[in-house]
Amino acid sequence: MLDPKSFRQDPSVLVEKLKWRGYTLDVEKYHELEDRRKNLQEQAEELQARRNRISREIGIAKSRGEEANGLMHEVSTLGDDIKLRSSALTQVQSELQAMLSEIPNLAHESVPLGMDEEGNIEIRRWGAPRAADFAFKDHVDLGESLGMMDYGYASKLAGSRFVVLRGLLAGLHRALSQFMLDTHIRDHGYCEANVPLLVNQGTLFGTGQLPKFEEDQFKTSEDPPLYLIPTAEVPLTNAVADRIVEDPELPMRLVAHTACFRREAGSYGRDTRGMIRQHQFEKVELVHAVRPDESYEALEIMTGHAETILQKLELPYRVITLCTGDMGFAASKTYDIEVWLPSQQLYREISSCSNTEDFQARRMKARWRNPATGKPELLHTLNGSGVAVGRALIGVMENYQNQDGSITVPDVLRPYMLGVTRLSK
RNA sequence: GGAGAGUUGGCAGAGUGGUCGAAUGCGCCGGUUUCGAAAACCGGUGACUGUAACAGGUCCGAGGGUUCGAAUCCCUCACUCUCCGCCA
């Protein structure tokens with residue numbers, strides 16, 4: 001959520017900034033609601049103050065054993081009046097809240113302006129795509145001809161956008177996640193967390209998935225309403241929800257390996273082949289909670305942690321800065337890391353690292369105590385994939401494929417594969 | 001699933017329907033003392049909102065209700081703990 005104070009000061013600046021996020025702010029509606037809110041609040045508080053004062057006097061009078069009938073009569077009608085106004089106030093406040101809840105975050109000044117992915121800017125590349133000394137197969141052909149990847153089986157079980165992995169390929173998938181977790185825990189100083197995959201509405205509100213993106217979530221039950229997490233960012237970031245964190249606890253670095261669940265509503269035609277876009281996939285997720293003046297430094301560090309994974313796997317990749325129109329709802333700035341897929345001769349997203357500044361923190365009331373002021377202030381939260389396990393598997397399969405359709409196991413994964421060096425029939 | 005107990009400030013823990021945002025202890029901050037420290041003593045120490053600053057308002061798990069007035073009484077819900085049953 002954006003700071004309500006910035007609205008009261010100068011909404012016109014926000015209108016321009018939000019336009020670049022693809023959001024049209026209804027300033028008229030905002031002003032109308034805000035004026036009503038202020039009015040009602042002043043009235044309600046004025047009445048409450050009167051009631052408090054008189055009731056106190058009644059108490060004093062009675063404790064002296066005096067009669068207080070006059071005072072009691074004076075205040076007797078106040079209660080209803082207060083009730084009326086404060087329920088009107090609550091109504092307006094929830095309308096305002098609803099409006100603010102659906103406004104995306106503002107982009108950092110360093111983010112390129114643009115309306116869609118055309119505006120993204122590549123900032124670096126690592127590794128060289130393998131020379132095409134034979135025709136590269138894609139991961140589906142490779143997996144199916146090895147007999148280790150089965151879409152028919154999966155669709156019988158659950159429908160489209162699912163897969164069953166078997167044998168060494170299932171093992172390679174598991175090895176990837178273990179390797180990533182170990183690297184972040186051992187080398188990058190993260191605290192591992194094992195978290196619920198089902199969360200409540202408040203938790204999803206905190207990170208920004210609700211109320212606006214309800215249709216992207218899998219809702220599992222009505223009473224209580226629980227949702228499958230679309231990413232471990234949700235349960236990890238909420239570690240600081242409703243807290244005032246003491247300064248020495250920062251920066252906080254959390255990592256979790258979880259399954260993630262997405263409806264993929266609105267992406268019907270896209271990436272229907274293979275493991276690129278599934279309803280269920282696994283991801284190793286990184287989350288930082290940091291002091292506000294350190295969050296952009298943290299974004300570079302976190303992105304570096306994700307890159308380390310690809311470097312150790314020796315997978316060619318590039319890093320791009322998303323433009324204003326292509327970023328997610330909660331982000332102030334996002335780097336996407338894209339891995340080279342030889343079958344498509346393209347870089348495809350494998351990680352996305354974002355600084356949300358205080359946008360999520362405000363929604364979830366995540367604060368830290370600033371030693372300089374002694375006061376609680378909103379902290380900053382970041383999240384990034386470190387990295388998507390399914391897509392990393394695709395990257396390994398395609399980049400490590402051999403002409404005969406076998407797949408060489410990357411060096412760093414061999415300890416996790418009990419010494420297996422090659423996947424073949 | 002059954003029975004019971006609980007939820008109050010950073011923590012522990014009082015709280016009679018009426019100057020209770022809330023005793024006390026611990027912790028923390030400042031001071032006195034000390035060469036320095038400990039101890040002792042003195043003082044301070046919740047959050048949100050609001051204001052130029054005061055004032056004012058809200059918050060004792062959440063939401064309703066009773067009342068002139070609710071941390072305190074009533075109802076609903078959530079969560080925690082204990083015991084019993086079942087169970088990976």
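Predicted model, so just to flag it, every value in this text is computed and none were measured. Each chain gets a letter, A, B and so on, in the order its sequence line appears, and its residues count up from 1.
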Nucleotide N/O of nucleotides 67-69 of chain B paired with protein N/O under 3.5 Å:
| from | atom 1 | to | atom 2 | distance (Å) |
| --- | --- | --- | --- | --- |
| B:rC68 | O2' | A:Ser55 | OG | 3.4 |
| B:rG69 | O4' | A:Ser55 | OG | 3.2 |

Listing time: all N or O pairs from protein to nucleotides 72-80 of chain B that are below 3.5 Å?
none

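- Residues A:Asp187 and A:Thr183 have side chains that never bring a donor and an acceptor to within less than 3.5 angstrom of each other.
- A:Glu28 pairs by the side chain to side chain donor-acceptor pair (under 3.5 Å) definition with nothing, not counting sequence neighbours.
- Per the geometry, CG belonging to A:Asp242 stands 15 Å off P belonging to B:rG61, to the nearest Å.
- Between the P atom of B:rC11 and the CZ atom of A:Arg243 lies a distance of 10 Å, rounded to the nearest Å.
- For the C1' atoms, the distance linking B:rC41 with B:rU33 amounts to 9 Å, nearest Å.
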For residues 381-396 of chain A, which side-chain donor-acceptor pairs fall under 3.5 Å, sequence neighbours excluded?
| from | atom 1 | to | atom 2 | distance (Å) |
| --- | --- | --- | --- | --- |
| A:Thr381 | OG1 | A:Thr356 | OG1 | 2.8 |
| A:Thr381 | OG1 | A:Gln360 | OE1 | 2.8 |
| A:Asn383 | ND2 | A:Glu233 | OE2 | 3.3 |
| A:Ser385 | OG | A:Ser352 | N | 3.0 |
| A:Arg391 | NE | A:Ile276 | O | 3.0 |
| A:Arg391 | NH1 | A:Glu349 | O | 3.0 |
| A:Arg391 | NH2 | A:Ile276 | O | 3.0 |

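- By the ring pair (Phe, Tyr, Trp, His ring centres under 6.0 Å) test, A:Tyr30 is found to be paired with A:Phe7, residues two or more places apart in sequence or in another chain being considered.
- Sorted by first then second residue, the salt bridge (charged side-chain N to carboxylate O under 4.0 Å, His left out) pairs that include residues 169-183 of chain A, not counting sequence neighbours, are A:Asp182-A:Arg186.
- Computed from coordinates, the A:Gln48 CD to B:rA70 P distance equals 11 Å when rounded to whole Å.
- The side chain of A:Asn52 contributes no N or O atom lying less than 4.0 Å from OP1 or OP2 of B:rG18.
- A:Tyr227 pairs by the ring pair (Phe, Tyr, Trp, His ring centres under 6.0 Å) definition with nothing, not counting sequence neighbours.
- A:Tyr296 is linked by a ring pair (Phe, Tyr, Trp, His ring centres under 6.0 Å) to A:His108, counting only residues two or more places apart in sequence or in another chain.
- Salt bridge present: A:Asp411 and A:Arg414 bring a charged side-chain N and a carboxylate O closer than 4.0 Å.
- Residue A:Ile60 is the one, among A:Ile60 and A:Arg50, whose nearest nucleotide of RNA chain B lies closer to the 5' end (criterion: closest heavy atom).
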A correct dot-bracket answer for RNA chain B, with pairs being Watson-Crick or G-U at under 3.5 Å, [ ] for crossing pairs and | for inter-strand pairs, is ((((((((.[[[..)..(.....]]]((((((.......))))))((((......)))).[[[[[..)....]]]]])))))))....
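- The separation of B:rU7 from B:rU72, taken at their P atoms, amounts to 12 Å, rounded to a whole angstrom.
- At a threshold of 4.0 Å, the pair A:Arg50-A:Glu46 does not count as salt-bridged, since none of the basic side-chain nitrogens sits closer than that to a carboxylate oxygen.
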Please tabulate, for the side chains in residues 241-248 of chain A, all donor-acceptor contacts under 3.5 angstrom to protein atoms that are two or more places apart in sequence or on a different chain.
| from | atom 1 | to | atom 2 | distance (Å) |
| --- | --- | --- | --- | --- |
| A:Arg243 | NH2 | A:Glu249 | OE1 | 3.3 |
| A:Arg243 | NH2 | A:Glu249 | OE2 | 3.2 |
| A:Asp247 | OD1 | A:Arg291 | NE | 2.6 |

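- In this structure, the CG atom of A:Leu40 is 17 Å from the C1' atom of B:rG56, given to the nearest Å.
- A heavy-atom distance below 4.5 Å is found between the side chains of A:Ile309 and A:Phe179.
- For the pair A:Arg277 and A:Glu264, the salt-bridge criterion is met [side-chain N within less than 4.0 Å of a carboxylate O].
- Both A:Glu46 and A:Arg56 lie near RNA chain B, and the one whose nearest nucleotide falls closer to the 5' end is A:Arg56.
- Taking atom C1' on both B:rG56 and B:rU67, the two are 23 Å apart, rounded to the nearest angstrom.
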Please write out each protein N/O paired with an N/O of nucleotides 48-54 of chain B under 3.5 Å, distance rounded to 0.1 Å.
| from | atom 1 | to | atom 2 | distance (Å) |
| --- | --- | --- | --- | --- |
| B:rC48 | OP1 | A:Arg367 | NH1 | 3.1 |
| B:rG50 | OP1 | A:Arg8 | NH1 | 2.5 |

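- Regarding A:Arg53, its CZ atom lies at a distance of 14 Å from the C1' atom of B:rG57, rounded to whole Å.
- The distance from atom CG of A:Leu378 to atom P of B:rA47 is 14 Å, rounded to the nearest whole Å.
- A:Leu89 has its CG atom 12 Å from the P atom of B:rU58, to the nearest Å.
- Residues meeting the side chain to side chain donor-acceptor pair (under 3.5 Å) test with A:Thr334, sequence neighbours left out: A:Ser354.
- Under the 4.0 Å criterion applied to side-chain N and carboxylate O atoms, A:Lys19 and A:Glu16 are assigned as salt-bridge partners.
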